Amino acid sequence: MSLTAVEAPATTLKLVGKGDVDVAEDYEGSYRFAPIEEAQVTRAMIKRYFNTMYERAVSDVVIVGAGSAGLSCAYTLASRRPDLKVTIIEASVAPGGGAWLGGQLMTAMVIRKPADRFLRELGVPYEDEGAFVVVKHAALFTATLLSKVLALPNVALMNATTVEDLIVHHDFQGQQRVAGVVTNWTLVALNHDTQSCMDPATITAPVVVSTTGHDGPSGAFSTKRLVTMGLTKGLGNMRGLDMNRAEPAIVNGTREVVPGLVMAGMELAEHDGSNRMGPTFGGMIASGIKAAQEALRVLDA
Ligand code: AHZ
């Protein structure tokens with residue numbers, strides 16, 4: 001059966017954009033793209049990327065880390081408050097953190113109740129196993145959440161971009177307050193040892209939500225920096241795995257840990273010295289939702 005007959009229009013289409021563009025969506029051998037110059041492609045990207053950097057240099061909320069906690073926070077915050085400029089900074093090329101797999105290298109994702117409500121809000125299908133639900137593939141959850149976050153007009157995501165430091169201002173009482181983030185492209189940040197003078201850029205915001213995950217090559221970033229800046233006494237250090245203690249501890253502990261900085265997700269286990277929960281993601285979703293509420297509380301204070 002011919003593809004043309006089934007789903008593709010065989011005729012030459014006239015697309016009307018900036019002037020008429022001759023194209024043919026013809027799968028019988030005469031497919032013809034609109035003509036283009038290479039520089040148009042480069043300029044189309046540059047214009048948008050640097051417009052975003054220009055516009056987001058002052059944001060309302062910066063979320064550091066686009067794992068399950070950061071993305072849950074971004075969705076909740078930006079969908080409830082379309083007036084806010086929510087800017088997500090993610091060090092990796094691929095947003096999603098550890099939420100592309102359920103646990104070990106297995107694909108199903110377990111979410112304990114009552115965090116399953118978020119799946120219904122997103123429209124992610126699952127199987128009900130009583131105390132918890134199972135999404136057939138973690139990537140279905142993460143891809144759906146990511147697509148809904150990115151479709152929100154007030155969200156900007158800068159991936160392959162690392163938060164290298166925090167901006168700290170003194171308020172009128174002399175109290176230190178986190179007032180934004182210091183950024184660099186991750187490939188630059190990874191090469192500070194070999195190249196000198198690669199200074200960063202900044203984004204100011206009245207609230208930073210840090211969700212950089214537990215310690216590892218890049219995790220627990222803000223927690224560690226708060227310690228070296230003297231804004232927090234010391235690392236709490238994540239304790240061993242206990243699902244029943246860990247998830248409520250993370251959700252109930254999600255808060256503004258120092259003025260201007262809300263912490264959520266597994267980074268909080270390093271800050272507070274609470275347990276890890278292993279491969280169950282309800283705590284990350286609920287912590288992200290609570291972080292959105294905390295960010296609004298700080299903004300509205
Ligand atoms: O790339 C990191 C990841 O995508 C990103 N990140 C880390 N440092 C950063 C920095 N600048 C920008 N300096 C940075 N981005 O943060 C994201 C963290 O995602 P994650 O999935 O690691 O953390 P989470 O808290 O959202 O989810 C934790 C999931 C876990 S870990 C765990 C256990 O080990 O027991 N259990 C669960 C459910």
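As the structure lists them, so they are numbered: ligands from 1, and atoms in each ligand from 1. Values below: all heavy atoms of this structure, side chains included; hydrogens, waters and symmetry mates excluded. Computed from a predicted model, the values in this text were never measured in an experiment.
- Among His214, Lys224, Met266, Met109, the residue whose heavy atom lies nearest to atom 30 (C) of ligand 1 is Met266.
- Annotation for ligand 1: atoms under 4.0 Å from non-hydrogen atoms of Gly65 are 5 (C), 15 (N), 16 (O), 17 (C).
- Where the criterion is an N or O separation shorter than 3.5 Å, residue side chain and backbone included, Arg276 meets it with respect to ligand 1.
- A side-chain N or O of Arg225 and one of Thr228 form a donor-acceptor pair less than 3.5 Å apart.
- Inclusion of Thr161 in the set of residues having an N or O under 3.5 Å from an N or O of ligand 1 is not warranted.
- The closest donor-acceptor contact from the side chain of Gln40 to the backbone of Glu37 lies under 3.5 Å.
- Side-chain atoms of Arg48 never come within 3.5 Å of backbone atoms of Ile46 as a donor-acceptor pair (strictly under, hydrogens ignored).
- For the residue pair Thr161 / Thr183, no side-chain donor-acceptor distance below 3.5 Å is found, with atom types taken as modelled.
- Nearest to atom 8 (N) of ligand 1 among the protein's heavy atoms is Ser218 O, 3.0 Å.
- Looking only at distances, no side-chain donor or acceptor of Glu294 sits under 3.5 Å from a matching main-chain atom of Val298.
- For Arg245, the CZ atom counts as loosely surrounded, since its 6.0 Å shell holds 12 or fewer non-hydrogen atoms of other residues, nucleotides or ligands.
- Numbered from 1 in the order shown, with element, the atoms of ligand 1 that lie under 4.0 Å from a heavy atom of Ile89 read 12 (C), 15 (N).
- Scanning Ala246, Ala91, Gly213 for the heavy atom closest to atom 22 (O) of ligand 1 points to Gly213.
- Counting only distance, with no hydrogens or angles, the side chain of Asn275 and the backbone of Gly240 share a donor-acceptor pair below 3.5 Å.
- Near Gly265, the atoms of ligand 1 lying under 4.0 angstrom from a non-hydrogen atom of the residue are 25 (O).
- Annotation: Tyr27 is in aromatic contact with Tyr31 [ring centroid separation under 6.0 Å].
- For atom 9 (C) of ligand 1, the closest non-hydrogen atom of the protein is Thr212 CG2, 3.9 Å.
- Atoms of ligand 1 found under 4.0 Å from any heavy atom of Ser92 (numbered from 1 in listed order, with element): 1 (O).
- Among Gly216, Gly67, Gly98, Gly278, the residue whose heavy atom lies closest to atom 37 (C) of ligand 1 is Gly278.
- Across all non-hydrogen atoms, the minimal contact from Thr211 to Gly70 is OG1-CA, 3.4 Å.
- Side chain of Arg177 to main chain of Gly174: no donor-acceptor pair is present (N/O by atom type, distance under 3.5 Å, no hydrogens or angles).
- For Ala99, the heavy-atom gap to ligand 1 stays at 4.0 angstrom or more.
- The protein heavy-atom contact nearest to atom 24 (P) of ligand 1 is Met284 SD, 3.9 Å.
- In terms of protein heavy-atom proximity, atom 5 (C) of ligand 1 is closest to Glu90 OE1, 3.4 Å.
- Interface of Val64 with ligand 1, defined as ligand atoms under 4.0 Å from a residue heavy atom, comprises 11 (N), 12 (C).
- Looking at atom 10 (C) of ligand 1, its nearest protein heavy atom turns out to be Val163 N, 3.9 Å.
- A side chain to side chain donor-acceptor pair (under 3.5 Å) with Asp116 is found for one member of Arg112, Lys113, Arg120 and no other, namely Arg120.
- Near Ala69, meaning under 4.0 Å from any of its heavy atoms, are these atoms of ligand 1: 26 (O).
- Within ligand 1, counting atoms from 1 as listed, the ones closer than 4.0 Å to a heavy atom of Gly97 are 3 (C), 4 (O), 19 (O), 21 (O).
- Contacts between Leu241 and ligand 1, counted as non-hydrogen atom pairs separated by less than 4.0 Å, are absent for every part of the residue.
- Within the structure, ligand 1 has Thr280 among the residues with a heavy atom less than 4.0 angstrom away.
- Looking at Thr212, its side chain does come within 3.5 Å of a backbone N or O of Ala220 through a donor-acceptor pair.
- Every atom of ligand 1 is numbered from 1 in the order shown, and the set under 4.0 Å from a heavy atom of Thr211 is 16 (O), 17 (C), 18 (C).
- Side chains of Glu270 and Thr223: no donor on one and acceptor on the other come within 3.5 Å.
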